[in-house]
Structures are given as structure tokens and as C-alpha cells.
Amino acid sequence: MAEALVIVVLQKITSALGAEGLKIIGSKLQKQVPDVQEVINRMRLLQSDLSMMQAFISQVDAHSSSDKLLGAWLEQVRQAAHDAEDIVDEYIYLVGQMEGTNSFLKRALNQAADVKRWRKLAADAKFVEDCLKKITETKDRFDVSAADSRRDNALSYSSRFQHMSEHSYLNDDFVGNKEEVKCLTEWLSDLRKDRTVISICGMGGLGKTTIASSIYKKEEIKRMFICRAWISVSQSYRVKDLLQKLLLQLISKNENIPDGLDTMDCVNLVELLRRYLKDRKYLIVLDDVWSRDSWPLLDSAFVKNDNGSRIIVTTRIQAVASVADSNREMKLSLLPKEEAWTLFCQKAFTRLDDRSCPLSLKTCAERIVGKCQGLPLALVALGSLLSYKEMDEHEWELFYRQLRWQLSSNPISYNDLPSYLKNCFLYLGLFPEDYQIERKQLIRLWIAEGFVEDRGPEVTLADVAACYLKELTDRSLLQVVDRNEYGRPKRFQMHDLVREISLTISKKEKFAITWDYPNSDSSSDGSRRVSVQKDGILMPVKTSAQFRSIIMFVEEVSSSWFRDCYPSFRLLRVLSLRHCHIQKIPDIMSNLFNLHYLDLGYTLLKEIPRSIGKLSNLQTLYLKGSVLELPSEVTMLTKLQHLIIDVGRFGSSASNKICRQEHLQTLKYIEANSCVVRNLGCLTRIRSLGIRKVLESYNTDLWTSVSNMKALAALSVISADRDRDILDLSDLKPLPYLEKLMLSGRLDKGAIPPPFGHFPRLKSLRLCFSGLHEDPLALLAVMFQNLGHLNLYRCYDGTRLTFRARWFPMLKHLYLSSMGELKEVEIEDGTMRALRRLELWGLKSLTSVPEGLVHLKSLQQLCIGSMMPEEFKTRLEGRDRWIIEHIPYIGDP
């Protein structure tokens, strides 16, 4: 964790000392306040020292937690890094105060208090610099070293072979995953002659190794595969070591180990393996594989000899699991309640003959099992711990209250995460239990905190953060619970025990705390972030700690609480008040010069104060479900990247300025006027744009401006009058990256516009009030082969829609709504082969169930919305029932 913290501090220093930050100060200012230059120089020295420490820490064995000397030294580094972060953030705060007019600068500089602040900051920087020197001396004095867990030269290869042959796997007491064990046994013993690769994938603790081991030990499997090997790969390995271990396990005791095995290179080892396996039927288990890097070499070594050989790969990483042959990937899930209870009881009540739970302990035991949420490793670990305790209700209740501490042994392998993911993982713990975390929100929070590394001008920080999310998901530390209309993950959720582990580590590392119980004392214990999750505990903070994030999940927050706690909030980078019942922004908020992320969505705010223009570092301003009017001072937020509001209204001068926000990536929804549509083209970095109240007279300027947005991925355009104002897209040029398009308003000539053919990546299309005269499906099917979501709302005044064979091969969701003249929907066999959800709303003339629904074999949900004809509903439940019998869910949306 120290490494992750140091990386963040280094990124902050780099940003603070960048050209833009130094430009604000200027040479003239440095002469007037010499201490400013001293602070800058000392920050550069801190940057140098921390860079060297980070390089050293990166070599530290992740599993050296038992090394108390190293742990104590890392704690010193962590504290120094926290102090260095305070220096950098205080520097940014003071620079923020200096921004403004010359008169403001002069007034600020003439105040002795400001000179005093800079002088103190320089002294604090000097103190941290001295601390880092002493920490370095301590390392040398006590010989603190970075152990390399990959070196394993203590045993000779022959002795290691003996050790492996005596290796004992998990015991025979196997509960749960019976279907998976049966399936794996069938895959191993089927009649396929070709070499087959099988993968078992799932989050840590699901029982991947247990399942593989239970099969590996079976006598019938041993008889089937005389030539067998089990290799634990893990994260720290060398391919050469793997190949040597494989050979040592495969070669029987009656055979001679080849001379020079220890000194062979990978090429010779692969060739030796190939020769040995050439005529044998073999079974090889590669347990706990974290990367595909070595697979090409191993794949070459595992010869394809058509003898029915099998390879089993267990992994937490989906990308690794994909090396399996077709239909040979096994994805493990959590145990159902009954199996979870049985497994827990077998471990917790081993002293009882029937291994059943005593009645007096049942309530507490059920709470503990419920907390495990079907995770086998947790059930086994907690059950085993409890098996040594007295079967006393009070003692078990005490154990349950200390459950978070009991889990601190961290079975979910936090230590195995790369440094750039550790902060991101711990941040997830700030969200409440069972909370569905929004992808976009999480990405913006990570960026605001400085957790996302800059990988060059060709890729945005949001793109990098999306890679982080995928990596956490692939490692099964985060589950996708909802996807958007074209399949991209939209919301995520953490397993309760994974969250408990993140909270335990967060508190230990002083990363974050949660106030989530009624008797909370609002103490931060030095933590940098706080998540408030229960009403009624907002008391003054009992610490001088400088918070970086405040995320509220409560509704009642008083302005006085912010005022009283302001000393601890000065250096905030993130403030989220979504759904809070606040009617006015506290005055002190305008002094949060370091703020990067401000969420005021779904509050009771009536207006945004003009002082918001002072938040010069703000990147995200979220106002959806809140105010409708924006002060012109919002245009002073020159670093703003995401502005989200239901309807953003500006005066003419402000409208012109908002289009000069060169960093904007998200702007929705803004109210159109002649000035806005003419100048929108300056926003060349825009990826998501939403604009309302578009008049017909704006067409030329609007579409010319949109054509300049080459990075645009999502576009929503809503006309001012859906019946009168025509949307004429004839001036729109190709948009190569557009994935999502929503048009609400009459289309020119009542037809699909030709520019639609210039959106090669479009995956989601919504047309509303389009006034189409002819069936649009033929054109749409040709133009959009990758379409995954199609929503047609009151856009077509014809009587018939036809879906031909081979049309829309990628379509998963189809919504047909409020087309009052539509009487018939023809669906040919072979169309929409991937369709999973169909919604029908307000189709007043559609009285019979389309017979073609019988061809949609992949359809999982048929949702019947409001205002569908009674005759349609009657036939759906009666004589047309045969058409939809294959659909698992039929009912309300």
C-alpha cells in the first residue's frame, strides 16, 4: 500500500509543478514571496527522494507481511508520504487562492498572513525532506531489504521433486459444487481424442483449486492418466522454473532425470517436454494462473498427440480462462444457501457427531453464513475458527461483531494487486453494502483523486480508468450487475466479504473510514477519506486530519456541519452530496480550491452561487435532478471535463464562453441558442453531448459544429417543438466513433437521413417523434450491422414493420412504443438471432401477437407495457400462447 500512496503523491507533484501551475505563480510573484520558490525547490527534492523509495518498494515481495522490520520501515515511508501529500495539496490550495485579478493578487501578497503561510509550508517541506533522509538511513542501518519471492534456490531440483510428490492437497471433506465436479469429471473422461484445455474461473475463495484437486485425486482419474502433474503457478514465477517442475513431476521414479536439467534454457526444456509427452496420455493442472504471458510457450510444450490428453487451468482472470477450448470454460458461482449452510456446519461443529447447529447458536450462525454470501473459502475459514470456540451464544455474538477483524488475513489477495489498482480497489469500500456502483461515477472519482496514471496524449484518463475497472472485474473483485443497451458494464457490486476486507485494509493504511453505525464517534484516526452511510451521526470531526474525499449516502446534512468541520475539509478533492436534502450550498464551499469533483445531483438546491467560479480545479460538476439555471461564472471553470445537468441555461455571453471550455468531454443537457450551436464546434474533445430545444433555424450551425467533434461517442438532440421544428442532418459529416445516438424530433422529409450511413460504430439508436412515412428497418439494417439496442418511439406512422432474415445480427434489446397506426410486425426466421429483450408499449392497433416471435429462440424477456390493446393481451394469454412458450419471462417491464 505504501507504494500505491507514493505513486499518487508523485503524480500530484508532477501535476503541481507542471507548466500550467508554475505559470499561475509567475517569476514576478516568486520575487515578491521568496518562500514560494523555496517550496517549489523542496517539492522537487521530495519528488526525487520519493521516486527512489518507490523504485525500492516496488521490488518488495508482496507476501513479506510477516517481516516486522520491513513492515515498520514501510509504515515510516507511509507517514512521510502522507506528510508530503499535505505539502503538495497545501501548495495547490495556496496557488488557488492567488488566482484572480491583479488587484486580488496584490491584496493577497500584501497580507502578512499569506507570507506566513508560504514560510510555514517551506519549513514543513524541509521537515519532510529531513524525515525521508532519516528513513533512508534507517533502511541502511537495519539492513531492510526487498525479498524476491521468485527466487527459490534453497532446494535442489531432485529434493523439490521429492517434496512435490509428497504434496497433500485439500482433505476429502468436500461439500458444494457437485454439478461442477460432475461436469469436470465428464470433460476429463469423454471420448474426445484431441488434446483439450479446460479452464475453471472465479473469484478468490470460490473453490477452484478444491474442485480441481478433488478430481485430480480420484482413483479412476489416476488410472486414466498415468502421466500427471500439478503445478501451482501464482503471480510470481519464471517460465523456466515451471518447465523444470513439470518435467520433475512427470518423469516417474523409475526413470532417470536428464543430466543438466538445472542449466537448460526454455527452448531445450520445451523440446524435452514435447519428446516426453509425445506418445503419452497426460493430465496437467496449472493452478492459480494470473497471466497469459507464458501460455504460448506452454501450449507449444503440451504436445497435441490425439491421445485424449487434458490440461486444466484454474484462474481468477477471465482473459486467462479464455485459453480453454470451445465449451470447456467453467465459471464458478457462489454456493446456494443450503450448500453454504451445510459446508459451514461441517467445519464449525466437527465436535458434534451429526455436525448440526445447536438451536441456541442458530440465529448467530445464520448471520455469519449470510455474511459469507456463499463464498466457500470464507465459510471454511470462519467455520474452522469457530470450531475451536465454546458453543456459547455470547462468545459467538462477540465473534460476529469482530468479523471484520477476523477477515483481516485477507483471503482475496489484495497483496497480489499491482500498485496502480490498490488505491482503486480500496476506494470501492467507500460505497455501502450491496450498493450498485455506477461505472462513469467511479471512473470520475478515481481521476479526481489522482489514482489514474497518464499514459500519453493518445488515450484519455477515462480510457485508462476503464481498463482498471476491467482488470478488477477480470480478477473477480468486482461483479458486473447491469450493462447498458449495447453490452458495456454499467453498474458494479462488491461481494460483502470483499468489501469487508477492503475496509479492514483501508483503516489499517489510513486510506479511508466509513461512518455507518449509530454510535460512531466521527473520529477519522488519520484517514484521508470518509463515507457517511447512516443518518444522525454527523458530529464535528474530532481530528485535525485533512480529508480528501467526503461521500455522503445520507439525506439530512446541515450547513452548520460543513462550517464546523471546514478545517478538516480545506484540501478536499471530492465532495459528493447526491440525494442530500440541502437547499443552499454552504458559503465555505467556494474556498475548496483543490476540489476536482462536486456532485450536487438530486438535491433540493434552487440555484448555484456565483462563487462556484472560484473552484478553478473542478473537473466534474454533477447537477442532474437538481438546479436548472447555471450562473455565468461556471464558464470560469477552465479545467471542467464533465458538466451534467437536466437543462443548462446560460445568457448569450456565457453561452459563448462555455464553448471555449477546451477540456470538456461531457456536456449534457445544454439548452440551445444561436450562439451555442454556432460555437459548439470548438469543443473538439467532447465525447458525450446532449442538447435540448433545438429550433429548425439552428440546423446548419448545429450539424456543422457537431461535425468537428471527431471523438464524439454519444449524441442526444431534442428539438424545441417535436411537431414543427425539423431536424435536417444534411450538413452532418462522418462521426467515426459515434456509438450512441438519440434524436427526438421530426426528421427532414420524414425519412432516414443519408448521414446515418457514416456512423460505422453505432451500437444504440433511439428515434422519437421522427415522422417516418416508410418502414425504416431495411435502411437501418444495412447501415448498422453492429446495432445492439434499437428504440423506436412514436417515430413511424405506417401500419407494418418487417424484420427480414439476417437483419440486425447483434441486436439484443428492441423497444417498439407509441406507434398508434402499427397493425402488424412481421418477423422472419433468421432475423435478430441475438435478441434477448423485447418491449411493446402503446401499440394501440396491434391486436394480434406477431407469429414470428416463435423464431426468436434467444429471446429471454417479452415485456408488455401500458396501453397495449386488451385483445392483444387476451390472445397473448389464450390462442396465441404457443407463439411465446419458449420465452422464460413474459410480463411487465
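- Remark: side-chain polar atoms of S502 are paired, donor with acceptor, to backbone N or O of R499 under 3.5 angstrom.
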**Study point:** Evaluation steps, salt bridge (charged side-chain N to carboxylate O under 4.0 Å, His left out), between D599 and R444
**Key:** CA-CA 11 Å; D599 188 340; R444 291 165 188 167; over 6 Å; no
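- Rounding to the nearest 0.5 Å gives a distance of 5.0 Å between CD1 of I368 and CZ of F344.
- Rounded to the nearest 0.5 angstrom, Q860 CD and I890 CD1 are separated by 11.5 Å.
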Exercise for review: Step by step, work out the side chain to side chain contact (heavy atoms under 4.5 Å, CB included) result for Q373 and D434.
Suggested key: CA-CA 11 Å; Q373 289 188 317; D434 299 326; 3.8 Å; yes
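- A donor-acceptor contact under 3.5 angstrom links the side chains of T209 and D287, judged on distance only.
- Side-chain contact, Q493 with E433: no donor N or O sits under 3.5 Å from an acceptor N or O.
- Considering L600, T603, I612 as possible partners of I585, the one that fulfils the side-chain contact (heavy atoms from CB on, under 4.5 Å) test is L600.
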Practice item. Please step through side chain to side chain contact (heavy atoms under 4.5 Å, CB included) for the pair L375 and L334, ending with a clear verdict. Key: CA-CA 6 Å; L375 187 63; L334 301 167; 4.2 Å; yes
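- Note that SG of C183 is 9.5 Å distant from CD1 of I200, once rounded to the nearest 0.5 Å.
- Summarising the geometry, atom CG belonging to L472 is positioned 8.5 Å from atom CE belonging to M494; distances are rounded to the nearest 0.5 Å.
- Taken to the nearest 0.5 Å, the NZ atom of K208 stands 13.5 Å off from the OG atom of S213.
- Between R367 and E397 there is a salt bridge, since at least one side-chain N of the basic residue sits less than 4.0 Å from a carboxylate O of the acidic one.
- The residue from L417, L428, L421 that alone fulfils the side-chain contact (heavy atoms from CB on, under 4.5 Å) condition with L477 is L417.
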Exercise for review: Might you work through the side chain to side chain donor-acceptor pair (under 3.5 Å) test for Q318 and E329, ending with a clear yes or no?
Suggested key: CA-CA 10 Å; Q318 182 57 46; E329 288 188 47; 3.1 Å; yes
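- Using modelled atom types, one side-chain atom of H596 and one backbone atom of N594 make a donor-acceptor pair closer than 3.5 Å.
- The number of heavy-atom neighbours closer than 6.0 Å to NZ of K12, taken from other residues, nucleotides and ligands shown, is above 12.
- Judged purely by distance below 3.5 Å, without hydrogens or angles, the side chains of Y597 and S549 never pair a donor atom with an acceptor atom.
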Practice item. Take I211 and L184 through the test side chain to side chain contact (heavy atoms under 4.5 Å, CB included) and record every step on the way to the result. Key: CA-CA 9 Å; I211 291 172; L184 184 58; 3.9 Å; yes
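- Under a 3.5 Å cut-off, the side chain of S199 and the backbone N or O of A321 do form a donor-acceptor pair.
- Checking side-chain atoms of S527 against main-chain N and O of R529 turns up no donor-acceptor pair under 3.5 Å.
- Salt-bridge annotation for D83 and R78: absent, with no side-chain N of the basic residue lying under 4.0 Å from a carboxylate O of the acidic one.
- Residues Y622 and S576 fail the side-chain proximity criterion, which asks for heavy atoms closer than 4.5 Å.
- Each of L618, V574, L571, N617 was checked for a side-chain contact (heavy atoms from CB on, under 4.5 Å) with L595, and the lone residue meeting it is L618.
- The shortest non-hydrogen separation linking V6 to A81 is CG2-CB, 4.1 Å.
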Practice item. Apply side chain to side chain contact (heavy atoms under 4.5 Å, CB included) to V557 and M552, showing your working. Key: CA-CA 9 Å; V557 183; M552 309 293 289; 3.4 Å; yes
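- Remark: side-chain polar atoms of D646 are paired, donor with acceptor, to backbone N or O of G625 under 3.5 angstrom.
- Taking the side chain as every heavy atom from C-beta outward, I644 and Y669 never approach each other to under 4.5 Å.
- In summary, the side chains of S387 and T350 do not present any donor paired with an acceptor at a separation below 3.5 Å, with no hydrogens or angles considered.
- Contact of the F511 side chain with the K422 side chain is not registered, since no non-hydrogen atoms from C-beta on lie closer than 4.5 Å.
- For D86 and R528, the salt-bridge test passes: some basic side-chain N is under 4.0 Å from an acidic carboxylate O.
- Looking at R578 and E438, a side-chain N of the basic residue comes within less than 4.0 Å of a carboxylate O on the acidic one, giving a salt bridge.
- In this model, a donor atom of one side chain and an acceptor atom of the other lie less than 3.5 Å apart for Y420 and E471.
- Applying the 6.0 Å contact sphere to NZ of K331 captures more than 12 heavy atoms from other residues, nucleotides or ligands.
- When ring centroids are compared, F349 and W396 come within the 6.0 Å threshold.
- With a 4.5 Å cut-off on side-chain heavy atoms, R439 and K490 do not count as touching.
- At least one side-chain heavy atom of D463 sits less than 4.5 Å from a side-chain heavy atom of T460.
- The minimum heavy-atom distance linking G450 with Q11 is given by the pair O-OE1, 2.6 Å.
- Donor-acceptor pairing under 3.5 Å is lacking for the side chains of T620 and H642.
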Check your understanding: Going through the distances and angles, do R548 and D89 end up as a salt bridge (charged side-chain N to carboxylate O under 4.0 Å, His left out)?
Key -> CA-CA 9 Å; R548 298 311 192 272; D89 287 343; 2.5 Å; yes
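- To the nearest 0.5 angstrom, E739 atom CD is 9.5 Å from S764 atom OG.
- Contact check for P358 versus L352: side-chain heavy atoms found under the 4.5 Å cut-off.
- Counting non-hydrogen atoms of other residues, nucleotides and ligands closer than 6.0 Å to CZ of R836 gives a total of 12 or fewer.
- Q79 places no side-chain N or O within donor-acceptor distance of the main-chain N or O of L74, the cut-off being under 3.5 Å.
- Close placement of the Y815 and H789 rings is indicated, their centers lying within 6.0 Å of each other.
- If you look at W515 and F553, their ring centroids are not closer than 6.0 Å.
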